[in-house]
Every structure is written in structure tokens, then in C-alpha cells.
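Counting from 1, the numbers follow the sequence of the chain as shown.
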Amino acid sequence: MSDKNLFQSGTLNRLALKNRIMVAPMTRISASVDGIPGERMQHYYQRFVRGGFSAIITEGIYIDEAWSQTYAFQAGLINAKQSAGWRAITDRVHQHGGKIIAQLMHAGAISQGNIYRPDTLAPSAVQPRGEQLGFYHGHGAYPLPREMNEEQIQQVIDSFAHTAARAVGEAGFDGIEIHGANGYLLDQFFTDYTNQRSDRWGGDIVARLSLTLAVIAAVRQRVGKDVTLGIRLSQGKVNDFHHKWREGEVGARLVFAAIAEAGVDYLHLTEYDALQPAFADSPLSLVQIARQAAPKLPIIANGALSDASTAAQALEQGADYVSIGKSALANPDWPMRIRDGVALREFDKNLLAPSADVKNCELV
């Protein structure tokens, strides 16, 4: 498939996109200590639009004054000051003809920088694997979480819905992405070893998806049918990089069918390498499995799609769009470089060291 397909226009619900190239959500911890996005983040985000990306999916945004904050200096969207900070960002993106989608998240057990409380909640009282992330100012083991009760679960659902409405109505976002990936709360409910519940929120792979489906339904009810709504899923996690869904391809097909039936406008799949087989006993990538299981559902592929060739291959496998991460940090003008045949810069890992905050060199 030619890389020219990357520059075809498209739509997600009523959101018109000038090409198939998006900026992936990347946690850059550059808000104020109390979660307010500032001018630094305005410059950071608008560079991608000037560089030709059709849409930006933001870093994960926390949704309550309780347990959802994940990292120190993470931006929230729970009060007027935070909303105004995001509004300045969305206004700048729109001035340059771009679109911007708010990714909403809840940390669950792997919070490591919550200014609102030190303790954590999770589907079950299971010690998280791995250690806190140093480039996000964490150190040592994660705390042992407390198992959530029904009231707390309902509060999470309500917080996703309320924050989604604020994102669209006050902060000016063009859409909502629910973060159900990478080991955070919704993924903790979805994962077999972190969800040991015997109630309606636990069980087989589809049952463990129940909280994600409930959040989708609640957000859709609050924002309406015309607002673009997506869900991000993954196998790997920030604290368990090589995790694979135990139920394999059969389970994945059930999950993707359930997601399609839930009425989202897109599925955002992220893998370490989006083009590689998802499971040891199948030659198919996760994108290919999703395309077969949910033939009408728009798919965004993410993971090691760093150049025109790999991005075009993702479209050939069945993705409708690609989201670019580290290569976009190195090349905020990635689409223009691909279009004009200009060589891409290599990603410098020092950009995320010693912490992952936005650096001065990214603001010029």
C-alpha cells in the first residue's frame, strides 16, 4: 500500500480529518503541581498541528479529586482553572486547523503522584507488578491497593461521564478517548490477575470488560451521539510490558465485537509493535484480529509505526488511522516530512530524561 493513503481525508463520527495521521497520547507531566495546563503545553501541542497531523490525542487527563491522578504534574480536568488551561490549548489547535481529542484516565492501583490522597484503589487487593516509573518522579514498589466497593465503582463511572461533558462543553475538545489500556484502572478490571472479583465486574474476558463498557455507555449518554468517542486498549502495561491476554485470539475477537456493539466511534489499539502477531499461536496482529471481528469499526493503530512504510503497512492490515508517538516527538512535522520526502530525525531518548516533561527544545 502506498503511503499516499496516509493522506486521504476521513471522518470519525462527525469529526472531519484531513489525513490518517494522528499524534498518540504521551504522558509529559508538564502541568502545574495542581494539574493546570499552562503556556508550555500550549506551545507543545500546537507544534503538531502546524506539522500536519490531522488530530492530537492528549496525554491522559485525570477525572476526579480522589484516586484518579496517576503522576505528579499530570493535568486534570476537574475544575474551572484546569478547564480554562485546556481551553487555551484547544483554541490554539483549532486556530491552526487541527483537531484535539481528550484522553480521560484513572490510575487505579498504579498511581504514583496523587496530590489528593496517598492510598490507591483497584478491582482487587493485588500488589501491582513492577516498580514506579522514575522518569515520572516515582520510586520503589507501588502501594497495595484496597478493593473497590460498588459505590466507588459507580463514582468512577460518573467521573468519566462528568469530565467528558466538561471536556467538550467547557474545554473545547473535539472528542473523547477513554483510556482502557496500559495497566490503568479500566485495564486492571480487564486483566485476569488484577481482577479477582466474583461479582458482576469480574469473571471471563468479556465480563471483565464490563466496567469499560459501563464507562462508554455513561460517557455517550452525557456527551450525546454526535461527539466522537473512542476507547484505547492494549495488552502490555506500563508495569507489565510483555503481558498477553490469556484468552488469546478467541478472547480478543469477543472483546472487539463487544466494543463495536457498545457504540464507540473508534478503537485505538496500542502494541509494542502493531504489525507483529498478537499471540504466539496466531499469525495475525491485533489490528488484523480486530478488523475481522469488528469489520465496520474504525481502528487507530499505534506501536512502532515510526516511518511511512510501517504506517502504510498498518493501514494495509486493516487500520483506518495511525497514531505516532516517539517519532512525532522527534518530528512534530512528521506528516509534512513524509509528504515532501524529507528524512525523519531519529528519536533521542534523552528527550524523556531525567524526567518526561516537555523540554525547551520542543517549544521552538
Side-chain angles (χ1 to χ4, degrees), residues 18-19 21-62 70-77 82 84-103 105 113 133-138 171-174 177 179 182 238 270 302-308 311 322-340 342-364:
K18 64 183 179 182
N19 60 45
I21 312 164
M22 302 183 180
V23 179
M26 291 176 282
T27 301
R28 299 305 306 275
I29 55 170
S30 294
S32 68
V33 67
D34 50 352
I36 301 171
E39 189 171 356
R40 194 173 197 82
M41 290 175 61
Q42 295 173 32
H43 287 293
Y44 167 75
Y45 277 116
Q46 74 174 7
R47 290 180 78 205
F48 297 119
V49 184
R50 294 202 312 264
F53 287 92
S54 66
I56 299 165
I57 305 173
T58 71
E59 60 206 272
I61 303 169
Y62 67 82
T70 316
Y71 302 112
F73 303 103
Q74 178 187 8
L77 190 46
Q82 292 175 352
W86 279 115
R87 185 69 194 223
I89 292 171
T90 62
D91 283 349
R92 285 206 180 190
V93 168
H94 293 150
Q95 286 166 9
H96 291 282
K99 312 293 185 182
I100 184 165
I101 295 170
Q103 187 192 68
M105 69 176 293
L133 304 177
F135 54 93
Y136 292 140
H137 304 301
F173 282 100
D174 299 297
E177 178 171 290
H179 199 347
N182 300 118
V238 295
T270 178
N302 171 257
L305 306 177
S306 58
D307 56 30
V322 296
S323 68
I324 311 298
K326 290 180 180 178
S327 192
L329 296 183
N331 303 276
D333 56 350
W334 194 98
M336 295 173 64
R337 285 176 173 264
I338 298 301
R339 183 196 64 194
D340 297 338
V342 178
L344 295 172
R345 304 183 190 92
E346 290 293 322
F347 173 73
D348 181 0
K349 63 182 180 181
N350 291 321
L351 191 66
L352 302 179
S355 71
D357 57 335
V358 174
K359 305 300 189 292
N360 289 336
C361 65
E362 298 179 80
L363 305 180
V364 296

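- Thr58 is listed as a side-chain neighbour of Trp86, based on a closest heavy-atom distance under 4.5 Å.
- At distances below 3.5 Å, at least one donor-acceptor pair connects side-chain atoms of Gln82 with backbone N or O atoms of Asp34.
- Smallest separation of non-hydrogen atoms from Glu59 and Tyr45: OE2-OH, 2.6 Å.
- Residues Ser32 and Phe73 are not in side-chain contact: their nearest non-hydrogen atoms beyond the backbone lie 4.5 Å or more apart.
- Donor-acceptor pairing under 3.5 Å is recorded for the side chains of Ser54 and Asn19.
- The distance from the CE atom of Met336 to the CD1 atom of Ile21 is 11.5 Å, given to the nearest 0.5 Å.
- For the pair Ile324/Met22, no side-chain contact is recorded, criterion being any heavy-atom separation below 4.5 Å from C-beta on.
- Scanning both residues, Ala311 and Trp334, for their nearest heavy atoms gives CB-CH2, 4.0 Å.
- Between the side chain of Arg345 and the backbone N or O of Ala330 there is at least one donor-acceptor pair closer than 3.5 Å.
- To the nearest 0.5 angstrom, Ile57 atom CD1 is 10.5 Å from His179 atom NE2.
- Counting only distance, with no hydrogens or angles, the side chain of Asp348 and the backbone of Asn350 share a donor-acceptor pair below 3.5 Å.
- Using a 4.5 Å cut-off on side-chain heavy atoms (C-beta onward), Asn302 and Val322 make no contact.
- Atoms OG and CG, from Ser327 and Leu305 in turn, are 9.5 Å apart once rounded to the nearest 0.5 Å.
- The shortest non-hydrogen separation linking Gly51 to Pro335 is O-CD, 3.3 Å.
- Remark: Ile56 CD1 to Ser323 OG distance equals 12.5 Å, nearest 0.5 Å.
- The side-chain heavy atoms of Val238 and Leu133, taken from C-beta on, include a pair separated by under 4.5 Å.
- Atom CG of Leu363 and atom CD of Glu39 lie 9.5 Å apart (nearest 0.5 Å).
- Applying the side chain to side chain contact (heavy atoms under 4.5 Å, CB included) rule to Thr70 yields the partners Gln74, Met105, Ala107, Tyr184; only residues at least two apart in sequence or on another chain are considered.
- Partners of Glu362 according to the side chain to side chain contact (heavy atoms under 4.5 Å, CB included) rule, which considers only residues two or more places apart in sequence or in another chain, are Arg28, Tyr44, Arg47, Leu329, Leu351, Val358, Lys359.
- In this structure, Leu344 CG and Asp307 CG are separated by 7.0 Å, a value rounded to the nearest 0.5 Å.
- Residues Ile89 and Phe173 fail the side-chain proximity criterion, which asks for heavy atoms closer than 4.5 Å.
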Open item on the list: Show, in sequence, the C-alpha distance, side-chain angles and deciding distance for His137 and Ser355, and conclude whether the side chain to side chain contact (heavy atoms under 4.5 Å, CB included) test is met.
Closed with: CA-CA 7 Å; His137 304 301; Ser355 71; 3.6 Å; yes

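- Classified by interplanar angle (parallel below 30°, tilted 30° to 60°, perpendicular above 60°), the ring pair Tyr136/Tyr71 is tilted.
- Between Phe53 and Ala328, the closest heavy-atom pair is CZ-CB, 3.7 Å.
- Side-chain contact between His43 and Arg40 is absent, with no heavy atoms from C-beta onward closer than 4.5 Å.
- Residues meeting the side chain to side chain contact (heavy atoms under 4.5 Å, CB included) test with His94, sequence neighbours left out: Thr90, Ile100, Asp174.
- When all heavy atoms of Val49 and Gly97 are compared, the closest pair comes out as CG1-C, 4.2 Å.
- Checking side-chain atoms of Asp357 against main-chain N and O of Ser30 turns up no donor-acceptor pair under 3.5 Å.
- A pairwise comparison of heavy atoms in Leu352 and Phe135 identifies O-CB, 3.7 Å as the closest pair.
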